[in-house]
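Accompanying notes for the structure given below.
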2 protein chains.
Amino acid sequence: MPYDPSAFPAFAVSVDLVVLTVRRHALCALAVRRGEPPFKGRWALPGGFVRPDEDLAAAAARELIEETGLLAHDPTLPAPPNAAHLEQLATYGDPKRDPRMRVVSVAHLALAPDLPAPRAGGDAHSVRWAPVESLLDQDGAFGRDSDLAAPLAFDHARILADGVERARSKIEYSSLATAFCPQEFTVGELRRVYEAVWGVALDPRNFHRKVTGTPGFLVPTGGTTTRQGGRPAQLFRAGGATLLNPPMLRPEV
Amino acid sequence: MPYDPSAFPAFAVSVDLVVLTVRRHALCALAVRRGEPPFKGRWALPGGFVRPDEDLAAAAARELIEETGLLAHDPTLPAPPNAAHLEQLATYGDPKRDPRMRVVSVAHLALAPDLPAPRAGGDAHSVRWAPVESLLDQDGAFGRDSDLAAPLAFDHARILADGVERARSKIEYSSLATAFCPQEFTVGELRRVYEAVWGVALDPRNFHRKVTGTPGFLVPTGGTTTRQGGRPAQLFRAGGATLLNPPMLRPEV
DNA sequence: CTGATTATCGTCAGGCAGACGACTATGATC
DNA sequence: GATCATAGTCGTCTGCCTGACGATAATCAG
């Protein structure tokens with residue numbers, strides 16, 4: 001019988017954040033170095049406890065702005081500049097996931113455009129963007145030239161993998177890939193986002209036809225840019241459509 | 001600064017279940033009548049507190065078997081008879097969602113074949129299958145001839161709506177619809193599952209072509225049946241494929 | 001036997017995606 | 001300034017899949 005108020009076990013509840021961005025053609029996640037045991041010195045996902053009167057989404061938004069300065073973006077409103085997409089990912093509650101006590105962590109997924117630099121509260125050197133492959137690599141293939149050899153603290157590798165998988169599948173059928181782009185962007189920049197997140201090469205011509213032909217996906221702003229060299233490209237903003245139908249197809253293999 | 005062990009707020013953590021099945025051409029959910037305040041006498045989703053050393057998935061599986069006798073089904077193993085699909089849905093943690101105290105609820109979604117009858121632990125009359133439209137109907141359109149007029153307790157209407165939406169979208173691109181069917185079933189029975197969950201009519205010929213043409217979706221058992229009247233139909237079991245590519249398309253409007 | 005019901009196979013046209021050719025507009029290099 | 005490399009944009013063609021729907025098959029109810 002649910003909700004016996006007289007006796008219930010007490011849990012700590014935290015939020016952990018998978019913050020993804022695309023930098024230099026690679027899908028990167030935000031990682032913080034732990035300053036306290038357990039896992040002291042190891043990299044982990046940003047996160048923290050939920051406050052007694054705080055909603056889960058509010059706790060995630062608070063941690064996000066503390067770690068990155070990014071505002072969480074309510075999808076029902078027009079996107080303010082410097083805003084990130086934020087959604088709940090999944091909840092992790094293995095009794096042994098934290099060696100000290102029972103902690104249930106509600107993981108959230110945030111997608112952000114490429115930012116100047118991560119900003120930490122007090123110690124800026126302990127937070128960084130790292131390519132997700134290096135963070136998920138358990139064998140230490142990146143170990144010789146970085147300090148990322150050790151796996152992530154707690155079950156954060158699993159959480160990160162789940163977040164990456166969510167992002168990979170969600171850009172198939174939604175316009176979420178634009179959350180990785182600045183307010184104005186070109187078709188080529190959007191294509192490089194897809195290529196980085198999926199880890200594949202896409203045909204520029206078919207991609208252009210698909211995204212410009214999907215109603216509501218992209219809105220031309222009129223301007224052009226030549227950021228990448230080559231012929232100047234039209235600039236677009238994200239349109240009102242959130243669901244892509246038919247979806248973008250991820251190439252086989 | 002995550003994980004300061006000295007001071008953290010204490011939460012209660014519960015699991016709530018959205019258990020769906022298809023009965024008589026309608027998508028139905030399991031509801032229990034609350035015997036205790038708050039919301040005494042109102043219908044609610046089954047659920048309960050997570051035990052101190054219990055994983056979240058284990059707590060959900062325990063509640064499921066307590067309420068229905070259904071075994072939760074590990075998707076990596078061959079399905080035992082009378083097993084239901086069980087997956088985490090989302091977590092609800094509004095500070096005011098339970099008037100007594102701070103309860104964070106990890107909702108799970110279960111899909112079950114049509115069962116003989118729901119089985120409650122002690123009081124069988126307080127648990128029932130109800131069509132999801134009647135449970136979600138806030139205006140009391142069902143109120144004159146049933147006691148389902150009152151909305152569900154707590155935020156369970158929201159949780160149920162999220163679970164139904166998850167089921168509706170997930171049968172598009174996965175073989176999960178077979179979880180609503182008995183071990184052996186016909187193409188027509190599977191089609192009626194889609195029609196009930198989506199609330200649309202599908203063309204029997206195109207549906208037949210699609211599901212029999214998708215490799216790994218259905219495996220013929222050799223037998224035939226004539227449960228529905230009309231020409232006998234081939235019997236199938238669910239194949240090994242879990243992802244349908246290309247997906248089943250939900251008709252517009 | 002006749003009609004109703006369900007299952008199953010076929011046909012055809014339209015839409016969309018993958019493969020790829022062609023042309024355009026810029027910066028870099030000589 | 002000519003040439004080349006680079007990136008963007010427009011077209012074409014072919015094959016696959018889907019929706020619409022005709023036709024046939026095998027049962028049950030009268």
The side chain of [X] is closest to which nucleotide in this list: [options]?
| X | options | answer |
| --- | --- | --- |
| B:P246 | D:dG19, D:dT9, D:dC17 | D:dC17 |
| A:D203 | C:dA7, D:dG8, C:dC20 | C:dC20 |
| A:R231 | D:dG8, D:dG19, C:dA17 | D:dG8 |
| B:R192 | D:dC21, D:dG8, C:dA7 | C:dA7 |
| A:P232 | C:dT8, C:dT26, D:dC10 | C:dT26 |

So, applying side-chain contact (heavy atoms from CB on, under 4.5 Å) with [X], which one of [options] is it?
| X | options | result |
| --- | --- | --- |
| A:Y92 | A:I159, A:D16, A:V106 | A:I159 |
| B:F217 | B:T242, B:T178, B:T212 | B:T178 |
| B:V132 | B:V18, B:V164, B:D137 | B:V164 |
| B:V197 | B:K170, B:R192, B:R168, B:R250 | B:R168 |

Rounded to the nearest Å, what distance is computed from the [atom1] atom of residue [X] to the [atom2] atom of nucleotide [N]?
| X | N | atom1 | atom2 | value |
| --- | --- | --- | --- | --- |
| B:L249 | D:dA20 | CG | P | 12 Å |
| A:N206 | D:dC13 | CG | C1' | 12 Å |
| B:F207 | C:dT6 | CZ | P | 16 Å |
| A:Y173 | C:dA17 | OH | P | 18 Å |
| B:R191 | C:dT8 | CZ | P | 10 Å |
| B:L244 | D:dT18 | CG | C1' | 15 Å |
| B:F236 | C:dA7 | CZ | P | 11 Å |
| B:E252 | D:dT18 | CD | C1' | 12 Å |

Does a nitrogen or oxygen in the side chain of [X] sit under 4.0 Å from OP1 or OP2 of [N]?
| X | N | value |
| --- | --- | --- |
| A:K210 | C:dA17 | yes |
| B:R209 | D:dC21 | no |
| B:H208 | C:dA7 | no |

So, does the side chain of A:R205 form a donor-acceptor pair with the base of D:dG11 at under 3.5 Å? no
State the CH2-CG distance between B:W43 and B:L30, to the nearest 0.5 angstrom. 9.0 Å
